[in-house]
Each structure stands twice: as C-alpha cells, then as structure tokens.
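We name chains A, B, ... by the order of the sequence lines, and we start the count at 1 in each one.
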Amino acid sequence: MLRGALRFRAKPGLLGRGLNTRKGGSTLDWAGKVPEIKKKIQSFLPGGDWNPLYDTSHLPPERTDVVIVGGGVLGLSVAYWLKRLEKQRGAIQVLVVERDHTYSRASTGLSVGGIRQQFSLPENIQLSLFSVDFLRNINDYLAVVDNPPLDLQFNPSGYLLLASEKSAAMMENNVKVQRQEGAKVCLMSPEQLQNKFPWINTEGVALASYGLEGEGWFDPWCLLQGLQRKIQSMGVVFCRGEVTRFVSSSSHMETMSGEEVTLKRIHEVHVKMDHSLEYQPVECAIVINAAGAWSGQIAELAGIGRGPPGTLQGTKLPVEPRKRYVYLWHCPQGPGLETPLVADSSGAYFRREGLGNNYLGGCSPTEEEEPDPGNLEVDHDFFQDKVWPHLAQRVPAFENLKVRSAWAGYYDYNTFDQNGVVGPHPLVVNMYFATGFSGHGLQQAPAVGRAVAELVLEGHFQTINLSSFLFSRFYLGEKVKEHNIF
Amino acid sequence: MAAPRAYLHLVAPLWNGGTRGIRGMSSAVAPEGNQSKWGKLLQFLADRFYDVEALREYLFQKQVSKIHQKNRFQGKEWIRSSGRGHYSLEFLNFQATPVEAVDASGCAINYQGLDNLLALKELQSLQLQRCPHVDDWCLSRLYQLADSLQELSLAGCPRISERGLACLHHLQKLRRLDISDLPAVSSPGLTRILVEEMLPNCEVLGAEWTEGLKLGPEKQSRGTASPIPA
C-alpha cells in the first residue's frame, strides 16, 4: 500500500499538476484574457468565420473587402499599399489568393530583375523613378519589428541601350523625355562608347543611351519575401487556392444617348483549395486582377469579352502569356565589373551575374518565332541560332562562351500595345486590373501598387496619373505604344 | 579581446563616433618586429588589462583627432573645428574659393546628404572612411565628380559591397582608391583584381588578395596536434 502511495506521488500525472497548468502556460491575468474571449465571441456571432459543423480553418474567410487574384509582386504590392493608405487601421480586409505557393511559374521569381528609367512614355518613367526610390528605402517601407533588414543586392550599374541608324532619332527623343521627367541618362556617340567600354564592337551603332543613376538590377525574391513578410504583419490574409468562379449580378442601365448598357458587379469569388474539390465562396466588394500571365483567363471568368466583337462587351483583356528564355553563360575574357545591362538594337540583351565572369541574357523572339507558352521548357537551339550571333557580333569576347544553365519564364504580354493595364473595367465595375506589363512589371510594381490602391481608396489617381493605361483604350483603339521593350 | 565600447567612450570624449573597433586600431600600431622593449611591455599589458588598452587607444586618438574632420581649400591649409566643434568665422572669407578636399571620415552622411558634396565640382580628394550610412546607392551618385576626383577612400564602410564599387568606373581621373576593410564585400581579393582592371590608371589600396583565403591542408595539420604519429 505504501508502494502504491509512493507511486501515486512520484508520477506527476493527473493529481500532481495544478489546475492552472492544464493548458500550456496560460497564466495570463484577466486583462490578457479579455481580447481572447472577445475574439471567440465575435467568431460565432453572425458575420464571423466560425462554423459549428466542421473545421474551416484551412479555408479563406467567408467575406472580405478586397480579393487580390495573384500573389506575385504586383498583387502583393497592391495589398501593401491598400493597407498602408487605408484611413483607419484595420479598415480594409484584404485577401490574397495565390494558387502556387512555390511560385514556380510566376514571372516575379524567374525575372532577370532589372530596373530602368529609359522608357519612351512619361508615365513609365515616373513609375520607374518612384519604384527605384522605393527600392532604395525598402527598409523604411517594409520594416517589420524584430526581423532583419532586407538586402536587395542592388547593382547600380545602369542600362546601356544601343540604337542603329533608323532608331537613333527616336532614341534622342526618348532621352529628352526621360531627362524632362528627371531620369539621369546620357547620350553617347560611337567613339565615346568605344572609349568607355572598349570591349564593345560599335559597328552599326549610331547612338547609345546610358543610364547613370537609379538603374541596374536586383534580387526579385528578396522584394517578394519582404512584401510577404510586411503584409502579413499588416493583417492581410493569404490563401493558397485557385479562383474558379465569379458570381456577379447585373443591372441594366441606359446611357445619356439611350443605349442599353449592362453593368456587372462581382459579389462572390469561389476559391478552390489545392488538390481538392472543396471551395469557399468569398463575398467581396472589390476584385483585383493581378494574375500576371493568366490575367486573361481570370478576365474571361468574370465575363469580360463575352459579347459581339467590336463592342465594349466583346473587348477581351488582351493579356496572354509569352514564354521568354534566359541563359546563363560563362565567358573567361568577358567584359569587366563595370558592365551595365547592355541591350543591343537587335533585341539581344545581357548583364553580368556575380564576380566570376558569368553573364545572363536573352533575346525577345519576333512574332513568328514565338514559342508555345504551354510549358516552361527551354529551347537551347534558340540561343545558338538567335541570341549568340547577335551577342558575339556586339561583344567579340563572347565568341568563346559556355552556357551553364537556362530557364524560361512568362511575360504577361499585352498584345495590344505592350503596356500595363491599370484601373477598373468599364462594365464589370468592381474588377480592377494591375497586369499586362509585358516584361517590366517587376520594376514598376511598387508604383503601380500605389496607383491601384489610390484608385480603390480615393477613386482617382493621386500621385502618378495612369489614365492612359485604363482598359477603355482597348475598345477605343488608342494605342499607348512603348518603344523600348525588349 | 575587445574592450567594451561604453567604457571607451567615457575615457575619450574627443572621439568622433563610429570607430572601427579594435582590429582597425591595432593595424595602425607598428608591427611586432619593430617594437622596442617598452612597446612590447605595453602590448603585453594591453593584452591583459582593459585599462591599459583603453589608455593606449586614448593617446593614439588624441594624436589622430588633430587631423580629423576638416576641409582643405585650394592652396590653403585644412579648416578644422576647434576642440569644442566650433568653426572660426574666417572660413566665410573663402566662399568663392573652390573646395579641393573633404574629409568626412566617420560622419553620418547619407544619400541625400551627398547632394552637398556633389555640388563641389573641383573636389580632388574625398575621404569617406568608416561612414556608417554610405552604401552602394551613394557610390552610384559619385559619377558627378568624375572630372576632378583623384583620391577616394572608402575604408571601413560597413555597407559598401562590390556592386557599388562597380559604379566607380566613371571616375577615370582617380589615382588613389582605398578599399580596405569592407566587411560587406564577399571576396576582397577578386574584387580588388576586378577594380584594378576597371580603373587602369588608379592605385588601389587595401583588399589584399590573401584576405579570405583559407589555410592549405599542410598548414592546418601543423597547427593542430596530429594524434597519429607520422
């Protein structure tokens, strides 16, 4: 019996523990317990997320204010600025829906990471200028308590664009516009170019423009991770799922001239979970289409473009995925540390990568040679036939090089005029676009995010006026052509 | 072996903030072989007692602080602050004279602050040693001094990496460049070689190619006692 009693006391099991130690460490005082109890009460009152029948913790919330379709750098940037520009803390509830949490096909991670101000449109230049400012002060914008600062690994080496005889006049015009907007660009003649960069073969080059400040390349993953960390700390909900359906309601209205117009409003977004048939209908007020290369599919889901061609209802979102290859090669006698990102007049471009004489580059194919965007397989013959000859002609040292690796990524290519689409759709009134940037989405993401957030919160652009990037230009046929795309 | 910083500040109020630390200081001391007996005794004591080490640093800093934080005008001597940080009013007479050299070592100058220095179009020598906020972005602005800058020192700046050094190629008139003790540069030796190739007329100091190299296998086994007899 004594042994039994001893055994009882020795085991610190049921009787040994005090009542307070039942749950791990909940020795909170009363003031600490009140918010917990409040949260529990709110969750089962009507309007909360709690479902008594089954566990829904893995599903997105039942209702939210803004649903952002696409968790790449543009989607996260919009989420960040929405939370940053909201008038009261917690005023806007944002849900970001991303179907691939590994970002294996997202354009952000596969990007070469360059940023430049050498565009021909003033809006593009202003977007880039603000974005480079954002990147420089990224630790002021995206600081999270107790987390280490971000190191973007920015290379301020600039962009060097080369122009042949026929594009020299346009380059001069462009540089004038860039300088007016405040970009630091200088024009160089072939002799100056040869002096500055002796490894270039200036045959066929009539003019060159060189960015002196605020241009270069950086690590896009770092920006993505910084944004993710920051917006999670600001209370944005992330969901790993795919948008499969929009439930909307229409209302018929008449314009001033008596035409019938059908305005649509999206009420619910059906988010399907990964690897399952389960879906959650999320009630929302605003949907932001930041799905990158797949924005066209999302727009079709919302009924954009379903109508007779030539009308506003029949105008589709002209954004489609275009596959682009990037090759990494090693060249022992290649250009030195000062090499900027060189973009040849033929469309081929390259930049240095690291200290070990490795270079990254590629070329945009012509319309006829466009590869099939169904997969991300790399075509190595494309390098042999289309990229290497141009590179070797421009930089003779590149005649001996060895390709180390290659990858492919998508441009969210705007087939209309290769510029971004920003702003609401005229008929589906609560779908906002932030897509279609055709290869320069990453470098303009911070500024575009702010513009879309201003549109959503204030109703008009406040800092940079992107009215020329609205959807209506596709119907009106007004092309806003950007000449410096490669 | 590092003495606590707070203690050092108490001892020497004349110091400007942002010292490089003990390693930096001891590199300025004469190497072992040349020291006299007194020097060796002092070294021995400094290794063992914080007080002696701090005293040595204090005396050294007093010497050094006499030539810190000053500007030099064309043909004139350095203009420096008095002991209390006040400048004599005579420098107002020099408003029209171009500034030739600026020593901003240890100053908390940043990207926006560089506006003031970049306006000096005849600047020949710029010392930015141990500036805690000078980073790659700041270096990308230095191209505006390309016509006149001949000497640049970036030693000990914690935020500069090889990516910022790549923008120094605009400074073709540079004759002396000091890139020693840059902790954020990943391979100092390789960076120095690449910078020397980039600026052929410039003498590059610091970032010895032996830095960052590991000992070979024979040296390592000589250092540690090998348990198995050879």
Side-chain angles (χ1 to χ4, degrees), chain A residues 113-117 131-140 149-160 183-186 188 192-193 195-200 210-219 222 332-341 351-358 397, chain B residues 110-115 118 132-147 154 158-174 177 179 182-202 204 207 209 211-213:
Chain A
I115 178 166
R116 59 182 162 113
Q117 280 88 49
S131 299
V132 97
D133 217 43
F134 183 93
L135 293 180
R136 193 180 72 238
N137 297 318
I138 194 170
N139 284 309
D140 295 334
L150 294 167
D151 178 18
L152 273 182
Q153 315 235 328
F154 184 73
N155 290 60
S157 300
Y159 267 61
L160 177 71
K184 311 276 194 301
V185 185
C186 77
M188 291 203 284
Q192 289 171 325
L193 189 63
N195 275 342
K196 205 162 180 87
F197 302 116
W199 36 264
I200 279 195
Y210 183 34
L212 295 168
E213 232 188 284
E215 295 191 345
W217 57 92
F218 63 98
D219 178 17
C222 181
Q333 305 298 329
L337 195 59
E338 74 277 7
T339 315
L341 200 154
R351 68 161 172 87
R352 265 190 83 104
E353 171 66 32
L355 287 177
N357 275 30
N358 293 320
Chain B
N110 68 357
Y111 183 85
Q112 274 90 16
L114 271 188
D115 281 339
L118 298 174
H133 299 300
V134 166
D135 56 3
D136 297 336
W137 297 90
C138 298
L139 288 189
S140 76
R141 296 190 83 184
L142 289 183
Y143 70 90
Q144 300 180 37
L145 299 173
D147 294 327
L154 300 170
R159 293 206 190 174
I160 292 187
S161 73
E162 66 271 16
R163 299 176 285 274
L165 295 179
C167 349
L168 295 182
H169 83 278
H170 292 277
L171 309 172
Q172 285 300 326
K173 293 226 173 131
L174 206 60
L177 174 64
I179 51 171
L182 293 175
V185 169
S186 48
S187 14
L190 182 55
T191 309
R192 177 186 166 146
I193 293 174
L194 290 170
V195 169
E196 281 178 345
E197 276 178 21
M198 189 171 83
L199 294 169
N201 300 328
C202 180
V204 177
W209 66 274
E211 270 178 48
L213 293 181

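Proximity to chain B involves both the backbone and the side chain of A/L135, based on heavy atoms less than 4.5 angstrom apart.
At most 12 non-hydrogen atoms from other residues, nucleotides or ligands lie less than 6.0 angstrom from CD of A/Q333.
In this structure the side chain of A/F197 reaches within 4.5 angstrom of the side chain of B/H169, judged on heavy atoms.
Note that CZ of A/R136 and CG of B/D136 are 13.0 Å apart. Values are rounded to the nearest 0.5 Å. One finds the CD atom of A/E213 at 9.5 Å from the NE2 atom of B/H170 (value rounded to the nearest 0.5 Å). B/E197 contributes atom CD, which lies 9.0 Å from atom CD of A/E338 (distance to the nearest 0.5 angstrom).
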As a quick check of understanding, evaluate side-chain contact (heavy atoms from CB on, under 4.5 Å) for B/W137 and A/N137, giving each step before the final call.
CA-CA 10 Å; B/W137 297 90; A/N137 297 318; over 6 Å; no
Start with the C-alpha distance between A/K196 and B/Q172, add both sets of side-chain angles, then the distance that settles side-chain contact (heavy atoms from CB on, under 4.5 Å), and finish with yes or no.
CA-CA 10 Å; A/K196 205 162 180 87; B/Q172 285 300 326; over 6 Å; no
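The two residues A/L337 and B/E162 have their closest heavy-atom pair at CD2-O, 4.4 Å.
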